[in-house]
Amino acid sequence: MFMAPMVLHRIHAVLRALSGFLGKQHFLANLYDTVDYICYDADVKAISFIGSDPAGLHIYARAAARGKRVQSNIGGKKHAIIMPDASIDDTLNALAAAGFGAAGKRCMALSTAVFVGGSSAWYF
């Protein structure tokens, strides 16, 4: 079964609509044979991964050994990008939901917020 968060499906649709922007993108979850295939396939030049330490180390070791670029954000650290014009109330509600509403899936929980242009406007 193919499973990925809805936001990834939407990002994928936008990238696909840009007709080839960044080449090909695939979002996969819990597909061990597919992951190994991607690590070994000569046509795949780079891999970006977010998830558990064991899975990230597995992917990094196999892909990097074949000269692929690997972005492995292990430990399941999701990031939120907060723009300067973001609504404080809406953003705080979204951050709380993303950090604690992942139904036990630690790798899906948001743990890092990056403020574009600084965070001084957020101090009360």
Undergrad: Apply the hydrophobic cluster definition, ILVMFWY joined by side-chain contacts under 4.5 Å directly or through others, and give me every member besides M83.
TA: I81, V114, V116

Undergrad: With rounding to the nearest 0.5 angstrom, report the OG to CD1 distance, S72 to I47.
TA: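 Going from OG on S72 over to CD1 on I47, the span is 9.5 Å.
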
Undergrad: Who else is in Y123's hydrophobic cluster (ILVMFWY, side-chain heavy atoms under 4.5 Å, direct or via others)?
TA: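 Members besides Y123: none; it forms no cluster.
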
Undergrad: Quick one: do I38 and L57 end up in the same hydrophobic cluster if we chain Ile, Leu, Val, Met, Phe, Trp and Tyr together by side-chain heavy atoms under 4.5 Å apart?
TA: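 Looking at the clustering, L57 is in the same group as I38.
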
Undergrad: Of the non-hydrogen atoms in A55 and F49, which two are nearest, and what is the gap between them?
TA: CB-CZ, 3.6 Å

Undergrad: Taking distance alone, no hydrogens or angles, what donor-acceptor pairs closer than 3.5 Å link side-chain atoms of residues 86-93 to residues at least two apart or in another chain?
TA:
residue, atom, partner, partner atom, Å
S87, OG, D90, N, 3.3
T91, OG1, S87, O, 2.7
N93, ND2, D89, O, 3.3

Undergrad: Got a sec, which residues hit ring pair (Phe, Tyr, Trp, His ring centres under 6.0 Å) with Y37, two or more places apart in sequence or on another chain?
TA: none

Undergrad: Considering residues at least two apart in sequence or located in another chain, which fulfil the side-chain contact (heavy atoms from CB on, under 4.5 Å) criterion with A96?
TA: none

Undergrad: Less than 3.5 Å apart, which donor and acceptor atoms pair up between the side chains of residues 58-68 and the rest of the protein, not counting sequence neighbours?
TA:
residue, atom, partner, partner atom, Å
H58, ND1, R62, NH1, 3.1
H58, NE2, D36, OD1, 2.6
R62, NH1, H58, O, 3.3
R66, NH1, R62, O, 2.8
K68, NZ, D41, O, 2.4
K68, NZ, V44, O, 2.5

